[in-house]
Amino acid sequence: VIDGVVRDKFAFDGLDASEVENLSVLKDGASAAIYGSRAANGVIVVTTKKGKIGKPTISYSGSVGLSDATKIPEVLNGYDQAILINDQNRVENVDPSDMKYYTQDELDYLYANRNNFNMLDEAWKQSLVTRHTVNVSGGNEAVRYFVGGSYFYENGTFKNLSYKKYNLRSNLEANITKDLVASLNINLEWDDDKETLNNLYRGLLQRASSAPPYIDGKPNGTFIKWHPLEVVNGSTGYNKKKWSSYDATISLQYNVPFIEGLSLKVMYNKFDKHSFIKQFNRPYPLYTFETTGGHNHICTDVVKSVTIRND
């Protein structure tokens, strides 16, 4: 509930901390009952800032930082994967001459490159986070105002991922008479989200580390059917999403003069949200290279075939 109006998650996510005057949580059934069945799990009540009597006050807050994962799961490198596969084959009594086994020359190659073929390590990077807010408030006995604007931006831990948000809020109060107060609250929001994830993190985490992702700049598809780094680099297209919304609330409050603490309030709210999604899929080549080694587990730089993927 924001300023007395029941809202959805989109509106709550759009709030900036600099706009919030008070936040309370209603957990007991009696206090939450007025909001109906949707309040069964509790109610979060948010009151945004309003103007106060006094000279105009301008405040600014800004921050720039880096964001990173607290923990990234550790996975086997190519050499350890090969050892595990060999052990599994022996347990299952696979013939030692079977091509599933990694030979000693292949194990030596993977050990020498055990830290070079991890797709997640190659794609991962710290993300930049920045936030800026400017607020103006003030007023007198007759009119009080609060105007606040905010900007938030964060790029992703992978290339071609980003999110930015603009928000503008204006709260205006005016005393029509001594006991009658009119208010107008307007909130405008614009969101821009660029993402191509589609379980991309899982794909990078689960890719085998037994072959280089690229050979001579060509995406290596010798042992895989799709290439997560091509998705990260934007070679497969994009998925751009934009939202815009406006929220206007008009209210009249009459403070009954002969009964202290009693007031009558009528309110009208209008909320509208628009979304724009643009998707573009672009086919990309995936190269299969000739292999070498005792059981053909080492890629050479000789192209064997090219497959056009459309992920």
Side-chain angles (χ1 to χ4, degrees), residues 1-26 43-65 67 128-154 162-193 242-257 260-274:
V1 179
I2 302 175
D3 289 335
V5 181
V6 178
R7 306 303 306 275
D8 59 6
K9 182 178 182 297
F10 178 85
F12 188 82
D13 290 343
L15 286 170
D16 187 84
S18 66
E19 305 170 353
V20 177
E21 180 73 28
N22 181 61
L23 187 149
S24 58
V25 179
L26 307 181
V43 180
I44 298 176
V45 181
V46 179
T47 303
T48 60
K49 291 181 178 179
K50 295 177 173 57
K52 298 179 180 179
I53 298 175
K55 295 181 179 181
T57 302
I58 301 176
S59 62
Y60 165 79
S61 174
S63 63
V64 177
S67 175
L128 174 70
V129 183
T130 181
R131 172 180 170 268
H132 303 276
T133 65
V134 177
N135 298 327
V136 181
S137 64
N140 51 40
E141 293 287 348
V143 179
R144 296 161 298 282
Y145 59 87
F146 170 86
V147 179
S150 65
Y151 168 74
F152 175 86
Y153 173 80
E154 180 175 6
S162 66
Y163 173 78
K164 60 183 175 181
K165 180 184 74 171
Y166 304 88
N167 195 69
L168 179 64
R169 180 176 296 275
S170 173
N171 293 342
L172 178 66
E173 284 186 335
N175 287 59
I176 299 176
T177 66
K178 178 183 177 181
D179 300 314
L180 184 63
V181 180
S183 65
L184 173 63
N185 300 343
I186 298 176
N187 183 60
L188 305 175
E189 182 182 346
W190 300 268
D191 297 74
D192 190 345
D193 186 7
K242 295 183 179 181
W243 297 273
S244 62
S245 67
Y246 74 86
D247 175 26
T249 302
I250 302 174
S251 66
L252 284 174
Q253 178 171 313
Y254 178 67
N255 300 315
V256 180
E260 184 178 354
L262 178 63
S263 63
L264 305 176
K265 188 174 185 178
V266 60
M267 177 188 296
Y268 173 78
N269 173 263
K270 174 67 175 178
F271 173 75
D272 199 5
K273 179 175 71 173
H274 303 274

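From a predicted model like this one, the values you see are computed outputs, not experimental measurements.
Using a cutoff of 4.0 Å between basic side-chain nitrogens and carboxylate oxygens, Arg131 and Asp16 are scored as salt-bridged.
Scanning for side-chain hydrogen bond (donor to acceptor under 3.5 Å, both in side chains) contacts around Asn140 gives an empty result, with sequence neighbours left out. Applying the side-chain hydrogen bond (donor to acceptor under 3.5 Å, both in side chains) rule to Lys9 yields the partners Asp13; only residues at least two apart in sequence or on another chain are considered. Shown here are the salt bridge (Lys or Arg N to Asp or Glu O under 4.0 Å) partners of Asp272, two or more places apart in sequence or in another chain: there are none. Residues forming a side-chain hydrogen bond (donor to acceptor under 3.5 Å, both in side chains) with Tyr163 (at least two apart in sequence, or on another chain): Asp191.
With hydrogens and angles left out, the side-chain atoms of Asn255 and Gln253 include a donor and acceptor closer than 3.5 Å.
Screening Asp3, Asn171, Asn269 against Thr249 for a side-chain hydrogen bond (donor to acceptor under 3.5 Å, both in side chains) leaves a single residue, Asn269. The side chain to side chain contact (heavy atoms under 4.5 Å, CB included) with Val1 is formed by just one residue from the set Val43, Val46, Ile44; it is Val43.
Annotation: side-chain hydrogen bond (donor to acceptor under 3.5 Å, both in side chains) contacts involving residues 52-61, sequence neighbours excluded, comprise Tyr60-His132.
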Show me the donor-acceptor pairs within less than 3.5 Å that the side chains of residues 179-188 make with the rest of the protein, sequence neighbours left out.
unit_1: Ser183; atom_1: OG; unit_2: Ser251; atom_2: OG; d: 2.4
unit_1: Asn187; atom_1: OD1; unit_2: Asn167; atom_2: ND2; d: 3.3

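When atom types are taken as modelled, the side chain of Thr133 and the backbone of Gly149 share no donor-acceptor pair closer than 3.5 angstrom.
In this structure, Arg7 forms no cation-pi arrangement with Phe12, as its terminal cationic atom is not both closer than 6.0 Å to the ring centre and no more than 45° off the ring axis.
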